[in-house]
2 protein chains.
Amino acid sequence: MRTYPECVACLVRQAVDLTLNNVPEHEQHAVLKVLVTGIANADFSLPPPMVAMEMYELLRTCTGIEDPYAAAKNASTHKALGYASELSELIARSADPLDTAMRIAVAGNIIDFGINSPDPGRIHETVSKALHASFAIDYSPELKERLALGGNVLYLADNAGEIVFDRLLIQQIGPERVTCAVRDMPVINDATLSDATRSGLSQICRVITSGSRAPGTPRQMWTDEFRQHFQEADVVISKGQGNFETLSHIDRDVFFLFMVKCGVISREVGAPLHSFIALKQPEKQDGAP
Amino acid sequence: MRTYPECVACLVRQAVDLTLNNVPEHEQHAVLKVLVTGIANADFSLPPPMVAMEMYELLRTCTGIEDPYAAAKNASTHKALGYASELSELIARSADPLDTAMRIAVAGNIIDFGINSPDPGRIHETVSKALHASFAIDYSPELKERLALGGNVLYLADNAGEIVFDRLLIQQIGPERVTCAVRDMPVINDATLSDATRSGLSQICRVITSGSRAPGTPRQMWTDEFRQHFQEADVVISKGQGNFETLSHIDRDVFFLFMVKCGVISREVGAPLHSFIALKQPEKQDGAP
């Protein structure tokens with residue numbers, strides 16, 4: 001997916017927030033100029049996470065700040081872990097534990113604990129919504145069928161905190177056959193190897209880096225190990241908008257689980273803002289006979 | 001007032017909206033790059049309206065579009081004129097017509113008919129609020145005293161549509177002693193000489209251009225005629241945020257009437273978002289004995 005004009009406004013807003021939150025006041029204008037110039041000079045035919053990556057690398061170069069969201073990510077993981085056993089019991093008690101775990105994982109995609117002011121009531125509200133909501137695009141029955149056939153699963157994670165909820169879904173899929181891929185370096189609140197360890201994910205399944213330093217999984221950055229997993233896995237599950245933005249036109253079938261968080265993605269998938277999505281792309285490459 | 005980081009995000013959002021609304025899709029990326037680069041390269045020690053002006057001039061150069069808001073401004077003027085006689089009667093019937101007219105003029109500052117989706121109910125709601133609201137910063141008693149002393153008044157207008165409401169206040173001040181200044185060229189929805197004619201303002205008082213092509217009245221652009229009026233007027237009334245942003249540190253007393261429309265201005269004047277302001281700057285140059 002390409003970078004739309006609205007994405008440029010969103011990226012500049014992120015650059016402004018990063019500058020205000022991480023740069024001493026007397027340096028803010030100079031740093032902001034570098035970041036905004038970087039966004040203006042980016043290749044808009046690339047997906048938005050690639051432009052975001054360039055902007056974060058400029059921030060790193062200008063300020064030496066490696067991970068502006070480190071504290072927020074740790075807080076997010078800590079909070080999500082606080083809900084894990086309660087949600088785990090909810091899944092175990094449910095009529096269809098795999099379905100329930102999948103819905104909780106999608107709910108996890110919008111919680112973003114660390115980024116916006118965390119509202120303790122919101123997790124229950126969002127999980128409750130996820131348990132009862134219809135998916136606006138729903139390939140979840142096919143995903144469940146495919147998972148029931150056995151084989152290896154590649155699971156592309158999105159944010160720190162959220163991966164605690166992904167862990168609950170991976171428990172239902174069968175952790176011994178799942179490889180989970182995270183980002184290679186910190187970018188926004190996206191999960192890295194250390195977030196995977198903190199969340200308990202590394203303790204139940206194999207976790208690899210995709211090679212990506214972008215808030216997505218762009219093909220240009222894949223490691224050989226990730227490429228092999230991507231090509232050979234029987235099922236690929238991709239969580240979050242960033243992974244969708246970078247993989248929506250890839251030449252193998254991928255199940256995308258996410259919540260629609262902005263107008264651009266709403267238009268791109270043809271589903272309302274805030275709706276739950278379980279999309280298979282490309283649709284034509286259905287393995288069914 | 002300088003351009004803050006938040007202003008940069010706001011200006012880029014305007015650039016994106018302008019591009020989406022005025023440029024054919026296949027040219028949007030190229031035009032947006034020019035506009036965002038222009039914003040990044042601007043001098044942030046200048047007030048935001050100066051940066052906005054540069055962005056609008058780049059749009060003009062790139063696309064040949066002289067006035068992207070022409071239709072919206074005309075619609076705004078047309079709608080405001082539809083309320084004029086009703087509001088005029090309200091003023092005439094009130095216990096303190098000058099005070100009521102001043103409040104209606106401030107209410108006019110937020111109506112911005114053409115820019116956001118116009119809500120016919122909103123004008124009554126806003127006027128009602130203006131009639132009863134306390135001003136968060138209130139130099140209106142001093143302004144009324146100064147006006148009662150007689151002499152010449154320079155009135156700096158802000159937006160098209162809004163100037164219909166300014167006309168009602170100018171009627172109360174005494175149009176024969178008022179000179180009203182508008183922008184020299186179209187920029188956003190700001191009022192120009194042709195908007196002043198359309199709104200009936202030119203028919204009741206003298207209207208001049210300030211020389212400004214920015215959505216404000218920056219000193220760098222003043223005509224000699226405007227400068228003379230500014231220096232010699234007994235009272236200067238300035239409407240709207242853009243005029244405040246460009247004149248807040250000027251070396252003569254000015255009465256600023258506006259509604260706080262963003263967080264930056266809220267912080268700058270120390271008053272809540274959406275509050276009504278009747279501010280005199282600089283405070284120390286009070287002519288009172």
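Letters go in sequence order (proteins before strands), and every chain restarts at 1. Excluded from the calculations below are hydrogen atoms, water molecules and symmetry mates; all remaining heavy atoms, backbone and side chain alike, are included.
Considering only heavy-atom pairs separated by less than 4.5 Å from chain B, the leading option among A:Ile39, A:Val36, A:Leu35, A:Thr19 is A:Val36. Heavy-atom pairs under 4.5 Å with chain A peak, among B:Val34, B:Asp17, B:Val12, B:Val8, at B:Val12. The most heavy-atom pairs under 4.5 Å with chain A, out of B:Leu20, B:Thr3, B:Thr37, come from B:Leu20. By number of non-hydrogen pairs under 4.5 angstrom with chain A, the leading residue of B:Gln28, B:Lys33, B:Gln14 is B:Lys33.
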### Message
side chain to side chain contact (heavy atoms under 4.5 Å, CB included), that's the test. Do A:His274 and A:Lys261 meet it? Break it down for me.
### Response
CA-CA 6 Å; A:His274 303 134; A:Lys261 291 185 192 174; over 6 Å; no
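For the atom pair CG (B:Asn22) and SG (B:Cys62), the distance works out to 12.0 Å, reported to the nearest 0.5 Å.
Between A:Arg267 and A:Glu6, at least one side-chain N (NZ, or NE/NH1/NH2) sits under 4.0 Å from a carboxylate O, which counts as a salt bridge. Salt-bridge annotation for A:Lys73 and A:Asp195: present, with a side-chain N of the basic residue lying under 4.0 Å from a carboxylate O of the acidic one.
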